[in-house]
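In what follows, a structure is listed as structure tokens, so that the remarks can point back to it.
Atoms considered below: every heavy atom in the structure, side chains included; atoms not considered: hydrogens, waters and symmetry mates.
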Amino acid sequence: MTSKNTFWRRWSLILFAVLMSSGIAPVAWSQQATITPNYKDADIRQIIEAVGEVTRKNFIIDARVNAKVTMLSSTPMSADAFYEAFLSILAVHGFVAIPTGDIIKIVPDATARQFAGPLGTDNAAGDDDIVTQVLLVQNVGAAQLVPILRPLIPQYGHLAAHPGSNMLIISDRASNVTRMINIIRRIDQSNDEDIEVIRLEHASATEIVRIMTALTQQPRADGVPVTTSLVADARTNSVLIGGDKSERLRLRALIAHLDTPLEDGGDTQVRYLHYADAEELATKLQSHFTAQLQAAGAPAAGVDSVSVWADGQNNALVINAPPKMMRSLMQIIDKLDIRRAQVLVEAIVVEVIADKTAELGITWAVEGTSSNTPIGVTNFPDFGAGVVQLGSAAASGGNVDPTGLIGEGVTFGLGRISDSGVSFAAILRALEGNADTNIISTPSIVTTDNEEASINVGQEVPFVTGSYSNTGTGGGGVVNPFQTINREQVGVKLTITPQINEGDSLLLKISQEISSIAQSAAGAVDLITNERTLETTVIVDDGQILVLGGLLEDVLRESEQRVPFLGRIPGLGAMFRSRKTDMVKTNLLVFIRPKILRDAAQTTIETNSKYDFIRDVLRDKSADGINLMRDAEPFALPPFEEADRPGQESVDGGGTESTTE
């Protein structure tokens, strides 16, 4: 008994010396072995030794464990409470105690998850023990929780998901693992989401879903994401609703309120059209929906349920159809019954022709003294009527018409006709002609988009196509002579079909024809017409000028007829030759300028400009004393903005106007 007391007395002295050397206040021992620890900048290794002496636990200390510890306590603590305080000290300084059998390892918490620890919080010695918890998630995806919970795990901890088993693996201090388990249990709750099918009787499922989607997809004020979804089944005219029960109940009430019969005529409505043609549109709509119902396999009664007919006097459609078809019809009509843009097309035709002609020649004849036999004579085919032709006409004994034999230009005749001696005659002809043609025409036309339009400005010219002049007495009758005549249009003709594309560009199908009466050529038995035809398809921007085509032509014709050798003699050779030169220069270009008239304002502007142009012409002519309007006062056109108002009066040609109400 004495030896036992000696052992305890010796052990107490040793412990007291250790505590004193480490700055720990004396410990008051009793039968319950309590201690009141106080530390001030004590080495953590010395505290570990003291804890091992008090709790009889064995420790292995990592070389990286090093810290100065301060702990103040005013009440006695039991050995277990002292050990809990010791674990808290380790946690504060970044260390952790990992029990392995009878040994406790003191290591930095950054490597704690590499060591085996208790599995589950129930096996932890304290709240600061490192434990590993495997948790099964029932109602939500485990992988979806990882990014949410990751900020709650310290760097030395571990959080991972196993998608196959939908489990979470958490490694951390026992207190934090317990907190994480409570959070996960609150999130892992089953909801009452389901899918409901609501069949509609009057409204269109597609239209209802469009309205309800716009209502439900607005962001909520509390930031909670919208989980409600709506889908329309057009075949059964039903709405499928998915989401929370309370949201489904609210949407179901709204749908029931909207699924009511129409108050304006039930399944029959009258639609007045503003721009489209009712008869044409009714035929197209009836054909479209009849084919659509037949393709869907609808019975004959279903086909007859859609009826569209037109009232031409009011330009209105009378439509009888189910609600779904009625809404589809109205949407189509809304897109078709619109004001179509118009296109003003101006064609500019510029034609400049310069025609120059020069002709110079001499023909002569010399006759002998006695036998009246010609000694020499010249005759050129291109010269026209020369000495030979005039002499033959005179020798025939008839009356010679000089205007028929002598051509155009200046003709000089010189000669001597005698019964004795030498007779001679010579004719000199000189001609120079200049013909300039300058034609500028600007036909214009306004048409609706995608509608063909044409303008024809000209005159009808008769052309003789045949004649019959024989007379006879057979059968006691006389056949009267006659001629057949065909009249053809001569002038400017423009045919165009515009198509407005995106970006204010136009696709134009153009047919342009310009014809005129030309001067009669030699050998022609009737009138000659010049004709220029152009057919093309072009793309041009709004208001831009585009050249469609043209002709730039220079024609030079030179002919010379002469007597061989003699015609080449300088000076004298002019007596033995005839020259003729024709030079024609043609410049023909065709331009096009389209303008899109989308509304009444643009149409008014263009009309005003044309109207004012004509008004200015009348005013200028009226100022010169020329009245172009025979049955009206000079300068009778009022200003454009007043032309369609009642009570307007125009006054004298001076250009002043007065109005009377």
Side-chain angles (χ1 to χ4, degrees), residues 200 202-208 210-211 214 234 237 258 260-296 298 301-345 445-455 495-509 542 594-608 644:
L200 304 180
H202 306 284
S204 170
T206 304
E207 184 69 13
I208 290 295
R210 184 185 66 82
I211 297 173
N237 198 36
L258 296 175
T260 56
L262 297 175
E263 297 179 358
D264 53 353
D267 292 344
T268 302
Q269 293 191 31
V270 178
R271 174 66 181 267
Y272 293 94
L273 303 181
H274 300 288
Y275 305 102
D277 181 78
E279 295 182 354
E280 182 180 355
L281 186 58
T283 303
K284 294 179 180 179
L285 291 175
Q286 183 68 56
S287 175
H288 169 72
F289 281 93
T290 299
Q292 186 179 26
L293 290 171
Q294 291 177 346
V303 174
D304 297 337
S305 63
V306 178
S307 174
V308 183
W309 59 276
D311 179 18
Q313 294 181 347
N314 295 308
N315 196 35
L317 295 176
V318 181
I319 306 173
N320 182 277
K324 175 185 174 182
M325 290 293 184
M326 182 70 73
R327 284 174 173 77
S328 181
L329 279 165
M330 291 302 175
Q331 291 177 358
I332 294 176
I333 295 173
D334 289 339
K335 294 184 179 297
L336 296 179
D337 187 27
I338 59 175
R339 179 189 178 99
R340 296 168 62 187
Q342 300 183 99
V343 179
L344 168 64
V345 180
I445 190 170
V446 178
T447 182
T448 308
D449 183 26
N450 277 323
E451 293 290 342
E452 181 181 306
S454 63
I455 183 173
T495 302
I496 190 165
T497 303
Q499 177 182 326
I500 301 176
N501 299 330
E502 185 179 1
D504 288 343
S505 65
L506 295 102
L507 176 67
L508 302 176
K509 296 181 180 179
D542 179 25
K595 292 183 180 179
I596 302 175
L597 309 178
R598 297 191 180 275
D599 50 29
Q602 291 180 306
T603 304
T604 302
I605 292 173
E606 293 298 330
T607 305
N608 191 5
D644 57 348

Exercise for the section: Answer yes or no: is there a side-chain heavy-atom contact under 4.5 Å between Ile319 and Ile333? Expected result: yes
Exercise for the section: Kindly indicate whether the side chain of Val306, heavy atoms from C-beta on, has any atom under 4.5 Å from the side chain of Thr290. Expected result: no
Handout entry: Any donor-acceptor pair under 3.5 Å from Ser505 side chain to Asn501 backbone
Key = no
Practice task
Would you give the length of the straight line joining atom CG of Asn450 to atom CG of Leu507, rounded to the nearest 0.5 angstrom?
Solution key: 9.0 Å
Practice task
Output yes when a side-chain donor or acceptor of Asp542 lies under 3.5 Å from a complementary backbone atom of Ile596, and no otherwise.
Solution key: yes
Handout entry: Side-chain donor/acceptor of Asp311 to backbone N/O of Ala316, under 3.5 Å
Key = no
Practice task
Kindly say whether Ala276 contributes a backbone atom to a donor-acceptor pair with the side chain of Asn315 at under 3.5 angstrom?
Solution key: yes
Problem - Lys284/Asp277 ion pair, N-O < 4.0 Å - result: no
Problem - salt bridge (Lys or Arg N to Asp or Glu O under 4.0 Å) between Arg271 and Asp334, intermediate numbers included - result: CA-CA 10 Å; Arg271 174 66 181 267; Asp334 289 339; 2.5 Å; yes
Exercise for the section: Would you indicate whether the side-chain heavy atoms of Tyr275 and Thr448 approach each other to under 4.5 Å? Expected result: no
Exercise for the section: State the OG1-CD distance between Thr497 and Glu451, to the nearest 0.5 angstrom. Expected result: 8.5 Å
Exercise for the section: Return yes if some donor-acceptor pair links the side-chain N/O of Asp337 with the main-chain N/O of Leu273 below 3.5 Å, else return no. Expected result: no
Handout entry: Any side-chain heavy-atom pair of Leu317 and Leu329 under 4.5 Å
Key = no
Practice task
Check whether any side-chain heavy atom of Gln602 sits under 4.5 Å from a side-chain heavy atom of Leu344, and report yes or no.
Solution key: no
Handout entry: Thr447 side chain near Glu452 side chain, heavy-atom distance below 4.5 Å
Key = no
